[in-house]
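The structure appears right after this line, and notes come after that.
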Amino acid sequence: IRAGERYHRRCPLPRAVFVTGAAGFIGSHVSEALLARGDRVIGFDNFDPFYDRRIKERNLAKLSAHPSFSFLEGDIRDASALARWGEGIPPDAVIHLAAKAGVRPSVADPVGYADVNVHGTIRVLEWARERRVPKILFASSSSVYGNTEVSPAHENLPMVPISPYGVNKAACEHYARVFSDLYGMDIVALRYFNVFGPRQDPGSQYAAVIPIFITHMLRGQRPPVHGNGRQSRDFSYIDNVIHANLLACEAEGPIAGVYNA
């Protein structure tokens, strides 16, 4: 049973939800779960060339078959592209998932990552503020913690990111807090921990270790292990991330803040 089918009965009234990065791995799953609950979904994606467009098009084709799904192609940094939708009735919620992902690639391109992840997020927050959107969710990351020795990590730990990507997400959390305080917006940051599951591109330079291991084993090859193999990581299955997003959308009253997912 998919997450959307598990939880749709708890919120019977249909809503309009604006999802950035809707054609991506996490975005397509979240959009599908919202549609299964009876919500209307407006997807937004720019088909970043760093990702396999064919995979995104397959994700989008599946979503587009649903009568309650509509789609706009555009870049979150482009205010005019965002403005093409939402001039009338604003959405009931925004789920902001569009971003450049991956720690290692961010080291090679810190300027490009900051432009998309920080500047783009500010554009989305400002777009939502102008339309008085009741609730905004966005994807943060466990990378904001850096190399903490505390396990499991908790939200009261200091943010000590060690990569441009982690700095991006930490900056976005600060902007979210300031927007919440200044403008009374209900903005929720969900910190993801190495999400894996169906539709994740194992050939991408952003691919996590789970799909890489699976691909090697399906080929009868030994999975690549770097160092002594004693490293630890916290992996989250995609359904748990869907669950977190749906619960944050359903929550009554303001819940602005940061939550580990």
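- No side-chain heavy atom of Ser141 sits under 4.5 Å from any side-chain heavy atom of Tyr192.
- Of the listed residues (Val116, Leu82, Ile122), just one forms a side chain to side chain contact (heavy atoms under 4.5 Å, CB included) with Arg77, and that residue is Val116.
- Minimum interatomic distance between Val167 and Pro161 (heavy atoms only, all atoms of both residues): N-CB, 3.6 Å.
- Residues Ile26 and Ile238 meet the side-chain proximity criterion, which asks for heavy atoms closer than 4.5 Å.
- Counting all heavy atoms, side chain and backbone alike, Tyr237 lies closest to Pro198 at OH-CD, 3.5 Å.
- When atom types are taken as modelled, the side chain of Lys135 and the backbone of Glu250 share no donor-acceptor pair closer than 3.5 angstrom.
- Met185 has its side chain within reach of Arg129: a pair of non-hydrogen atoms, C-beta onward, lies under 4.5 Å apart.
- Judged by distance alone, with hydrogens and angles left aside, the side-chain atoms of Thr20 form a donor-acceptor pair with the main-chain N or O of Ala98 at under 3.5 Å.
- A 4.5 Å side-chain heavy-atom check between Val17 and Ile95 finds at least one atom pair inside the cut-off.
- Of the possible donor and acceptor atoms, none in the side chain of Arg132 sits under 3.5 Å from a partner among the backbone N and O of Ala128.
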Might you work through the side chain to side chain contact (heavy atoms under 4.5 Å, CB included) test for Leu60 and Ser28, ending with a clear yes or no? CA-CA 7 Å; Leu60 190 59; Ser28 63; over 6 Å; no
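- Using a 4.5 Å heavy-atom threshold, the side chains of Ile136 and Val188 count as separate.
- Residues Glu155 and Arg191 are not paired through a salt bridge, judged by the lack of any N-O separation under 4.0 Å between the basic side chain and the carboxylate.
- How far CZ of Arg84 is from CD1 of Ile42: 14.0 Å, rounded to the nearest 0.5 Å.
- Taking NE2 of His96 as the reference point, atom CG of Leu190 lies at 12.5 Å (rounded to 0.5 Å).
- The backbone N or O of Gly74 sits nowhere less than 3.5 Å from a side-chain atom of Asp78 that would complete a donor-acceptor pair.
- A perpendicular orientation is assigned to the rings of His29 and Phe25, their planes being inclined by more than 60° (bins at 30° and 60°).
- The OG1 atom of Thr121 lies 10.5 Å from the CZ atom of Phe179; values are rounded to the nearest 0.5 Å.
- Counting heavy atoms of neighbouring residues, nucleotides and ligands inside a 6.0 Å radius, atom OH of Tyr175 does not exceed 12 of them.
- The closest side-chain heavy-atom distance from Asp109 to Ser106 is not below 4.5 Å.
- Residues Asp48 and Lys100 are paired through a salt bridge, judged by an N-O separation under 4.0 Å between the basic side chain and the carboxylate.
- Under the 30°/60° scheme for interplanar angles, the aromatic rings of Tyr113 and Tyr165 are found to stand perpendicular.
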For the pair Tyr145 and Asn260, evaluate side chain to side chain donor-acceptor pair (under 3.5 Å) and give the outcome as yes or no after the intermediate values. CA-CA 11 Å; Tyr145 293 120; Asn260 285 342; 2.7 Å; yes
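- A donor-acceptor pair under 3.5 Å is absent between the side-chain atoms of Ser236 and the main chain of Val195, judged by distance alone.
- We find that Glu73 and Lys56 are not joined by a salt bridge, their nearest charged nitrogen and carboxylate oxygen being 4.0 Å or further apart.
- You'll find the side chain of Val19 reaches within 4.5 Å of the side chain of Leu97, heavy atoms only.
- Asn59 places a side-chain N or O within donor-acceptor distance of the main-chain N or O of Ala23, the cut-off being under 3.5 Å.
- No side-chain heavy atom of Pro91 sits under 4.5 Å from any side-chain heavy atom of Arg15.
- Nearest heavy atom pair, residue Gly253 against residue Asp186, reads O-OD2, 3.7 Å.
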Extract all donor-acceptor atom pairs below 3.5 Å that involve side chains of residues 220-228 and protein atoms in other chains or at least two apart in sequence.
residue: Asn228; atom: OD1; partner: Arg230; partner atom: N; Å: 2.9

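- Asp92 contributes a side-chain N or O that, together with a main-chain N or O of Ala16, makes up a donor-acceptor pair within less than 3.5 Å.
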Show your working on salt bridge (charged side-chain N to carboxylate O under 4.0 Å, His left out) between Arg37 and Glu32 and close with a plain yes or no. CA-CA 9 Å; Arg37 286 160 42 103; Glu32 187 178 57; over 6 Å; no
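- Ring planes of Phe44 and Phe18: tilted class, angle from 30 to 60°.
- With hydrogens and angles ignored, the 3.5 Å screen pairs no side-chain donor or acceptor of Asp234 with any backbone N or O of Phe193.
- Using the six-membered ring where Trp is involved, Phe235 and Phe196 have ring planes that are perpendicular, over 60° apart on the 30 and 60° scheme.
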